[in-house]
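These notes are about the structure you will find just below.
Throughout, numbering of the chain's residues begins at 1 and tracks the sequence.
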Amino acid sequence: MDAPASLRGQFLLAMPGIGDPRFEKAVIAMCAHDEQGALGVGIGSIVPGITLHHLLDQLDIAPGVAPDCAIHMGGPVEQQRGFVLHGTDWTGEDSLVVEGRWVMTSTLDVLRAIAAGTGPRHWLIALGYAGWGEGQLDGEMRRHGWLATRGDDRLLFEHQAAARWEAAMRSAGIDPRLLASTSGQA
């Protein structure tokens, strides 16, 4: 059996009726996907009550020129761990370039650079991630639950979190109003 195509650099969009309220209208930016598993960062909702300046204060980093903005709900795994998705114009020692579309960095150097005004031009910050074990996501892709679409840095950096799911569906040529929350059989 051939290995499934990698979803790295794509967005996973939760279909209506996914069956897990944590992923209702989720948009996941896929950063890794191979035979050992998959990792993505949620970009479709924000963490209530936490802003960048609040987070920087907890990390003893002066906010400098960084605007105070919302923090995204990256996923249900390790919600105390932060990830910065950003443009390819900046990379740090432990940055992961994702298919030349965006970069994922999870070290403090990117936050310090953003605060100093020397970091990436476009970025968003998330707490937690969505992770799948070996073959788990591939199985979920065969069932009603996720739609994979091309990763688009404009959608990643130019849309508000609450608007990303609908915008991503529309960019894939799908009118989300026409989607059903259950699947049928012919």
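- Residue Gly42 comes nearest to Ala126 through the heavy atom pair O-CB, 4.1 Å, listed as atom of the first residue, atom of the second, then distance.
- The nearest pair of heavy atoms linking Ala14 to Met169 is O-CE, 4.0 Å.
- Under a cut-off of 6.0 angstrom, the local environment of CD in Glu134 is sparse, with at most 12 non-hydrogen atoms contributed by other residues, nucleotides or ligands.
- Between Arg81 and Leu127 the shortest side-chain heavy-atom distance does not fall below 4.5 Å.
- For the pair Arg164 (side chain) and His159 (backbone), a donor-acceptor distance under 3.5 Å is present.
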- Message: One pair to check against side chain to side chain contact (heavy atoms under 4.5 Å, CB included): Thr51 and Ile71. What are the steps and the verdict?
- Response: CA-CA 6 Å; Thr51 67; Ile71 303 296; 5.5 Å; no
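- The side chain to side chain donor-acceptor pair (under 3.5 Å) test with Ser95 singles out one residue from Thr105, Asp109, Thr88, and that residue is Thr105.
- In this structure, Trp146 has its ring center closer than 6.0 angstrom to the ring center of Phe23.
- Judged purely by atom type and a 3.5 angstrom limit, His53 uses its side chain to pair as donor or acceptor with the backbone of Ala66.
- Connection of Leu52 to Ile46 is not established within any shared hydrophobic cluster, with ILVMFWY side chains joined at heavy-atom distances below 4.5 Å, either directly or through further cluster members.
- Remark: Glu140 CD to Trp132 CH2 distance equals 7.0 Å, nearest 0.5 Å.
- Looking only at side-chain heavy atoms (C-beta outward), Pro120 and Val110 come within less than 4.5 Å of each other.
- Of all heavy-atom pairs spanning Trp90 and Thr118, the tightest one is CD1-O, 3.5 Å.
- Note: the hydrophobic cluster containing Val77 also contains Leu124 (ILVMFWY, side chain heavy atoms under 4.5 Å, direct or indirect links).
- For the 3.5 Å distance criterion, the side chains of Thr107 and Asp94 fail to qualify, holding no donor opposite an acceptor.
- Residue Ile174 holds its CD1 atom at 4.5 Å from CG of Leu147, rounded to the nearest 0.5 Å.
- By the 4.5 Å heavy-atom criterion applied to side chains, Met104 and His86 are not counted as neighbours.
- Nearest heavy atoms, Ile61 versus Ala115: CG2-CB, 4.2 Å.
- Between Tyr129 and Phe83, the ring planes are perpendicular. Angles over 60° get that label, and only those under 30° would be called parallel.
- Considering CD of Gln10 and CD of Glu99, their distance stands at 8.5 Å, rounded to 0.5 Å.
- Counting only heavy atoms from C-beta outward, the side chains of Arg8 and Leu96 approach each other to under 4.5 Å.
- The distance from the CG atom of Leu111 to the OG atom of Ser106 is 10.0 Å, given to the nearest 0.5 Å.
- No continuous path of hydrophobic side-chain contacts links Val103 to Leu156 [ILVMFWY only; heavy atoms under 4.5 Å].
- Contact of the Leu85 side chain with the Trp123 side chain is not registered, since no non-hydrogen atoms from C-beta on lie closer than 4.5 Å.
- Separation of atoms CE (Met73) and CD1 (Ile50) is listed at 8.0 Å; rounding is to 0.5 Å.
- Connection of Ile125 to Leu59 is established within a shared hydrophobic cluster, with ILVMFWY side chains joined at heavy-atom distances below 4.5 Å, either directly or through further cluster members.
- By the 4.5 Å heavy-atom criterion applied to side chains, Arg150 and Arg101 are counted as neighbours.
- Val47 and Ile114 fall within a single hydrophobic cluster, where Ile, Leu, Val, Met, Phe, Trp and Tyr are joined by side-chain heavy atoms under 4.5 Å apart, directly or via other members.
- Gln58 places no side-chain N or O within donor-acceptor distance of the main-chain N or O of His54, the cut-off being under 3.5 Å.
- A distance-only check finds a donor-acceptor pair linking the side chain of His33 to the backbone of Leu7 [under 3.5 Å].
- Here the side chain of Thr149 pairs no donor or acceptor atom with the backbone of Ala172 at under 3.5 angstrom.
- We find the CZ-CD1 distance between Phe157 and Ile43 to be 8.5 Å, quoted to the nearest 0.5 Å.
- Applying side-chain contact (heavy atoms from CB on, under 4.5 Å) to Leu137 and the options Ile28, Leu39, Leu12 leaves one that passes, Leu12.
- Trp102 contributes no side-chain N or O that, together with a main-chain N or O of Cys31, makes up a donor-acceptor pair within less than 3.5 Å.
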